[in-house]
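See structure below.
To find a chain, count down the sequence lines: A is the first, B the second, and so on, and within it residues start at 1.
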4 protein chains.
Amino acid sequence: MDDASIQHLTEATREKLRQTVSKIERLEEEKKEVAEQIKEIYAEAKAFGFDTKALRQVIKLRKQDRAEREEAEMVLETYLIALGEA
Amino acid sequence: MDDASIQHLTEATREKLRQTVSKIERLEEEKKEVAEQIKEIYAEAKAFGFDTKALRQVIKLRKQDRAEREEAEMVLETYLIALGEA
Amino acid sequence: MDDASIQHLTEATREKLRQTVSKIERLEEEKKEVAEQIKEIYAEAKAFGFDTKALRQVIKLRKQDRAEREEAEMVLETYLIALGEA
Amino acid sequence: MDDASIQHLTEATREKLRQTVSKIERLEEEKKEVAEQIKEIYAEAKAFGFDTKALRQVIKLRKQDRAEREEAEMVLETYLIALGEA
DNA sequence: GTTGATCTTATTTCTC
DNA sequence: GAGAAATAAGATCAAC
């Protein structure tokens with residue numbers, strides 16, 4: 001807050017601030033819930049007899065595959081732009 | 001996990017595995033989206049003129065407060081139960 | 001420092017602390033120098049006419065390749081262990 | 001950067017590119033090693049009983065001090081030069 | 001001069 | 001619970 005400490009804010013700004021804090025807190029709550037759901041899936045998988053460590057590695061590897069494909073596309077695009085082809 | 005590695009699994013187990021991987025990946029995608037929404041809120045707040053560093057501190061402090069209150073409530077409840085009051 | 005504030009340290013411990021700080025600072029200095037050398041290489045490459053962005057992407061992609069190969073090996077090993085083969 | 005993308009480059013340029021990539025990768029490897037050495041020092045310090053969080057703060061503060069001293073010296077020098085004293 | 005990218009630090013999460 | 005790894009946050013720096 002640049003040039004004003006909190007007591008100098010207008011009511012409208014304070015209201016905006018309240019809403020912002022509220023939105024962030026709600027989204028963080030959502031994020032936490034999703035993280036818990038992921039943990040549950042792993043727990044179920046383990047209970048079913050899957051090797052959680054291996055499962056996590058598979059997920060990670062597939063993620064890397066996706067990342068690498070995307071990266072390769074970006075490199076290609078960069079070169080095409082550099083060559084005046086795009 | 002290529003076919004060679006899982007050829008000893010039953011088809012039912014393979015299907016279960018596919019579903020598990022799929023569920024986790026979907027949830028991780030969701031988590032990522034929520035994280036992006038949070039970043040957007042911070043970006044908007046910044047554009048509006050809020051000091052995001054201070055904002056983050058506020059969020060953090062409120063989170064600690066909640067944690068402390070919950071902790072206090074748990075202690076209280078434990079005591080009440082121990083006293084046969086709950 | 002667990003159970004003691006700084007004034008309660010023995011001289012031997014203080015000396016150990018001095019040496020630790022010194023070692024870390026020396027290594028951080030080294031790290032900084034290497035980082036500067038990397039920047040110089042990029043600057044030279046740019047002066048030579050290379051597209052730095054593309055160059056960085058290439059480096060990143062090659063790094064991902066290496067990471068993915070290592071990860072794939074780890075997955076394989078995990079499965080072999082799980083199968084009692086290693 | 002596959003062959004198709006760089007087929008318009010001269011062999012000399014390709015060679016230069018290879019050397020550049022190689023130099024950067026070697027330096028990044030060096031940087032990584034130094035970073036690992038730093039982690040080792042912190043690990044040793046922790047094993048010895050030091051509070052690594054406090055230790056990190058000390059390092060940070062000393063770094064700031066050095067930066068401030070250098071800044072002060074630069075200002076001094078600037079003034080001396082402006083006054084024709086240096 | 002402000003966003004965008006990169007690099008580093010800090011916190012959290014997972015594994016043993 | 002300690003160590004390692006992933007994620008998030010902050011700082012820094014270049015580019016437009």
Side-chain angles (χ1 to χ4, degrees), chain A residues 2 24 27-28 31-32 34-43 45-46 51-57 59-61 63-64 67 71 74 78, chain B residues 24 28-29 31-47 49 51-60 63-64 67, chain C residues 2 24 27-29 31-43 45-47 51-57 59-60 63 67 70-71 74 78 81, chain D residues 24 27-28 31-32 34-36 38-61 63-64 67:
Chain A
D2 290 35
I24 291 168
L27 286 168
E28 290 203 334
K31 189 151 78 91
K32 198 180 161 190
V34 175
E36 275 159 17
Q37 286 171 24
I38 292 171
K39 285 181 88 171
E40 275 172 41
I41 305 290
Y42 277 114
K46 185 172 189 158
D51 176 343
T52 331
K53 188 179 174 186
L55 191 52
R56 281 179 196 279
Q57 281 178 330
I59 300 283
K60 190 178 171 186
L61 199 48
K63 198 174 168 184
Q64 282 180 355
E71 192 71 19
M74 279 180 62
T78 301
Chain B
I24 292 168
E28 291 202 334
E29 183 58 28
K31 188 152 80 91
K32 198 179 161 190
E33 277 163 23
V34 176
E36 276 161 17
Q37 285 171 25
I38 293 171
K39 285 184 84 173
E40 274 172 42
I41 305 290
Y42 277 113
E44 283 168 26
K46 182 173 188 165
D51 177 343
T52 48
K53 194 171 175 178
L55 191 52
R56 282 178 197 279
Q57 280 180 331
V58 168
I59 300 283
K60 198 174 186 176
K63 198 174 170 185
Q64 281 175 0
Chain C
D2 289 35
I24 292 169
L27 286 168
E28 291 202 333
E29 183 58 27
K31 188 151 79 90
K32 198 179 161 191
E33 278 163 22
V34 176
E36 276 160 16
Q37 285 171 26
I38 292 171
K39 285 180 86 171
E40 275 172 41
I41 305 290
Y42 277 112
K46 184 173 189 157
D51 176 344
T52 337
K53 187 180 174 187
L55 191 51
R56 279 179 196 278
Q57 282 178 330
I59 300 282
K60 192 176 173 186
K63 198 173 170 185
E70 280 169 26
E71 193 71 20
M74 280 180 62
T78 300
I81 290 167
Chain D
I24 292 168
L27 286 169
E28 291 201 334
K31 189 151 78 92
K32 197 179 162 190
V34 176
E36 275 161 18
I38 293 171
K39 283 185 83 174
E40 276 173 39
I41 304 290
Y42 277 113
E44 284 170 24
K46 182 171 190 165
F48 186 81
F50 289 141
D51 176 343
T52 48
K53 194 171 174 179
L55 191 52
R56 281 177 198 278
Q57 281 179 331
V58 168
I59 300 284
K60 197 174 185 176
L61 283 172
K63 197 174 169 185
Q64 282 175 0

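- In this view, Lys60(A) and Gln64(A), Glu71(C) satisfy the side-chain contact (heavy atoms from CB on, under 4.5 Å) rule, not counting sequence neighbours.
- Every residue meeting the side-chain contact (heavy atoms from CB on, under 4.5 Å) condition with Glu28(A), not counting sequence neighbours, appears here in chain and number order: Ile24(A), Ile38(B), Ile59(B).
- If Glu71(C) and Lys39(C) are placed on DNA chain F by their nearest nucleotide, the residue sitting closer to the 5' end is Glu71(C).
- Here Arg56(D) pairs with Tyr42(D) under the side-chain contact (heavy atoms from CB on, under 4.5 Å) rule; sequence neighbours left out.
- Residue contacts shown for Lys32(B) are absent, as no nucleic acid heavy atom lies under 4.0 Å away.
- Between the CD atom of Glu40(B) and the CD atom of Glu33(B) there is a distance of 10.5 Å, given to the nearest 0.5 Å.
- Leu27(A) approaches Val34(B) most closely through the heavy-atom pair O-CG1, 3.2 Å.
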Seminar exercise, completed: B/S/- along nucleotides 1-10 of chain E (protein heavy atoms under 4.0 Å) is -----SSSSS
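- Residues forming a side-chain contact (heavy atoms from CB on, under 4.5 Å) with Ala35(B) (at least two apart in sequence, or on another chain): Lys31(A).
- Chain B approaches DNA chain F within less than 4.0 angstrom (heavy atoms of the protein), and the contacting nucleotides run 5' to 3' from dA9(F) to dA11(F).
- Overall, the helix from dG1(E)-dC16(F) to dC16(E)-dG1(F) carries an axis bend of 10° between its ends, with five pairs at each end and the value rounded to 10°.
- Of the inter-residue distances, the one linking Ile41(C) atom CD1 with Gln37(C) atom CD reads 7.5 Å to the nearest 0.5 angstrom.
- To the nearest 0.5 angstrom, Thr52(C) atom OG1 is 4.5 Å from Lys46(C) atom NZ.
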